Amino acid sequence: MYRAVMSLLCCFHLTYRIAEPLEYHRSFLKENCRPDGRGLSEFRTTTLNVGSISTADGSALVKIGNTTIICGIKAELANPTAEAPGKGYIVPNVDLPPLCSSRFRPGPPGEQAQAASQFIADVIESSEVIKAEDLCVDRGKLCWVLYCDIMCLDYDGNILDACIIALLAALKNTQLPEVTVNKETCSPEVNLEKRQRLHIHKHPASASFCVFDDSILIVDPTAEEESLSTAHLTVVTDEGGRLCSVHKPGGTSLSGQKLQECINRATARQREIHKLIDKVLDSVKTMK
């Protein structure tokens, strides 16, 4: 009898969730919780693995709940641009393939993937995670280009937070070979036996939020929560508490008080992510 009642209750909840998804979520939000059991300001479990791609110069795999992102970094030598002869450059690209979710279709990058790539590029520049001058090998002649390929393997919301974690961890895992320029031939000579890590100047991390009914804030939204919300917001801060970026693609407006709440939560999240990355990297060093 008990099993039959529980089975009926489960069927009722499933039907209610499918037929009235917004009302279903509201029934939880009014109790200050969510369907997956989290509080409104609680992140899903975040896990990290570095060095996942042996053919890359640096890589990392991140999971936030079911959302899974992998980042691989390939470094290539190139000529610096005429406008910045003493700088190298970083080229991020976010890929949302059909394999990660049925919402994405084969073909050229969609609007969400392009927006995510631009967001990551803006964060790299505004946070100064790496200074472009550090990628210069020979001024006006030779520099490093870091191609950062970020791919979503499983999409369940909040890919921007996962992309930034994966990118930062992959950059900290990257080792570039020693390069010298032959004075006689003016050609680069690469020593693959001698490698050095990138100099990471800042450690940006983000916290993403969704707004329900123009006033209720939830952090780390799932794909379902994103689809039902009235606004999205991502706040990026560094270890000094500096605000690096605020990304809000339309939607309902937020009060100054709500925005400050988001910044405070993002600052706390940055400390959590910084500690996680350092812990994982230290464990990898210990194993070697």
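When a residue number appears, it is its place in the shown sequence, counting from 1. Keep in mind it's a predicted model, so treat the numbers as computed, not measured.
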- Message: Using only atom types and a distance under 3.5 Å, with no angle test, would you say the side chain of D161 pairs donor to acceptor with the backbone of S208?
- Response: yes
- With side chains defined as the heavy atoms from C-beta onward, is the minimum distance between H232 and K248 less than 4.5 Å? no
- Could I get the full list of side-chain contact (heavy atoms from CB on, under 4.5 Å) partners for T222, not counting sequence neighbours? D36, R38, R44, D156, E224, E225
- What is the minimum heavy-atom distance between S27 and K30, and which atoms define it? O-CG, 3.5 Å
- Message: To the closest 0.5 Å, what do you measure between CZ (R271) and NE2 (H274)?
- Response: 12.0 Å
- Task: Evaluate whether atom NZ of K87 has more than 12 neighbouring non-hydrogen atoms of other residues, nucleotides or ligands under 6.0 angstrom away.
- Result: no
- Query: What do the steps show when you test L243 against V236 for side chain to side chain contact (heavy atoms under 4.5 Å, CB included), and what is the final call?
  - Reply: CA-CA 6 Å; L243 186 61; V236 185; over 6 Å; no
- Query: With a 3.5 Å cut-off and no angle check, do the side chains of E239 and H203 form a donor-acceptor pair?
  - Reply: yes
- Task: Using atom types as modelled and distance alone, determine if a side-chain donor or acceptor of T68 lies under 3.5 Å from a backbone N or O of N66.
- Result: yes
- Heavy atoms, side chains only, cut-off 4.5 Å: are L40 and C33 in contact? no
- Task: Check for a donor-acceptor pair, side chain of R34 on one end and backbone N or O of F28 on the other, with a separation under 3.5 Å.
- Result: no
- Of the non-hydrogen atoms in V219 and S41, which two are nearest, and what is the gap between them? CG1-C, 3.1 Å
- Grab the two heavy atoms, one from A166 and one from A60, that are nearest each other, plus how far apart they are. O-CB, 3.6 Å
- Kindly compute the distance separating CD1 (I124) from CD1 (I164), expressed to the nearest 0.5 Å. 9.0 Å
- Sub-3.5 Å donor-acceptor pair from the side chain of R197 to the main-chain atoms of Q175, do we have one? no
- Indicate yes or no: does K74 engage D149 in a salt bridge with an N to O separation below 4.0 Å. no
- State yes or no: do I165 and V284 share one hydrophobic cluster built from I, L, V, M, F, W and Y residues joined by side-chain heavy-atom distances below 4.5 Å, directly or via other members? yes
- Note on the structure: So CZ of F104 and CG of D95: to nearest 0.5 Å the spacing works out to 10.0 Å
- Check: G240 main-chain N/O paired with D238 side-chain donor or acceptor under 3.5 Å: yes
- Task: With the side chain counted from C-beta on, respond yes when I277 and L48 share a heavy-atom pair under 4.5 Å apart, and no when they do not.
- Result: yes
- Message: Using the rule given for side chain to side chain contact (heavy atoms under 4.5 Å, CB included), can you reason through R103 versus Y155, listing the C-alpha separation, both sets of side-chain angles and the distance that settles it, and then say yes or no?
- Response: CA-CA 9 Å; R103 71 176 62 200; Y155 184 96; 3.6 Å; yes
- Taken in chain and number order and not counting sequence neighbours, the residues that satisfy side-chain contact (heavy atoms from CB on, under 4.5 Å) with E125 are none
- Note on the structure: Scanning both residues in full, the closest heavy-atom pair of S245 with S126 reads CB-OG, 4.4 Å
- Value rounded to 0.5 Å, distance of SG in C71 from CG in L61: 10.5 Å
- Query: Hey, are the side chains of C143 and Y89 touching, using non-hydrogen atoms and a 4.5 Å cut-off?
  - Reply: yes
- Item | From L160 atom CG to T234 atom OG1, the distance as rounded to the nearest 0.5 Å | 4.5 Å
- Message: Applying a strict under-4.5 Å side-chain criterion to I, L, V, M, F, W and Y, I'd like to know whether L198 and L77 cluster together.
- Response: yes
- Do L171 and V145 share a hydrophobic cluster (ILVMFWY, side-chain heavy atoms under 4.5 Å, transitive)? no
- Taking all atoms of both residues into account, what is the closest heavy-atom pair of S229 and C210, and its distance? OG-SG, 3.4 Å
- Closest contact, heavy atoms only, L99 versus C152: CD1-O, 4.2 Å
- Message: If we count only N and O atoms by modelled type, under 3.5 Å, do the side chains of N158 and D220 hold a donor and an acceptor together?
- Response: yes
- Determine, using the 4.5 Å side-chain heavy-atom cutoff (strictly less than), whether M151 and L167 are members of one ILVMFWY cluster. no
- Query: Just by modelled atom types, is the P204 backbone N or O under 3.5 Å from a matching donor or acceptor in the Q270 side chain?
  - Reply: no
- Mind running side chain to side chain contact (heavy atoms under 4.5 Å, CB included) on Y147 and E76 for me, showing each step along the way? CA-CA 8 Å; Y147 292 99; E76 293 185 6; 3.7 Å; yes
- Minimum side-chain heavy-atom gap E261-L217 below 4.5 Å: yes
- Item | Sidechain-backbone polar pair: R242 side chain, S127 backbone, donor-acceptor under 3.5 Å | yes
- Message: With heavy-atom distances below 4.5 Å as the criterion, would you say the side chains of H25 and P35 are in contact?
- Response: yes
- Task: Check whether any side-chain heavy atom of L146 sits under 4.5 Å from a side-chain heavy atom of L176, and report yes or no.
- Result: yes
- Query: Heavy-atom distance under 4.5 Å between the side chains of L96 and S101, does that happen here?
  - Reply: no
- Query: Parallel, tilted or perpendicular for F119 and H247, by the 30°/60° rule?
  - Reply: tilted
- Message: Whether the side chain of S59 engages the backbone of A56 through a donor-acceptor N/O pair (distance < 3.5 Å, no angle test) should be reported.
- Response: no
- Electrostatic pair E272:K275 at N-O distance under 4.0 angstrom: no
- Apply side chain to side chain contact (heavy atoms under 4.5 Å, CB included) to the pair L168 and V129, showing each step before the final yes or no. CA-CA 8 Å; L168 179 57; V129 58; 3.8 Å; yes
- Going from CG on L153 to OG1 on T67, what distance comes out if it is rounded to the nearest 0.5 angstrom? 10.5 Å
- Electrostatic pair K172-D278, nearest N-O below 4.0 angstrom: yes
- Query: If two hydrophobic side chains count as joined below 4.5 Å and joins carry through other members, does I150 share a cluster with I53?
  - Reply: no
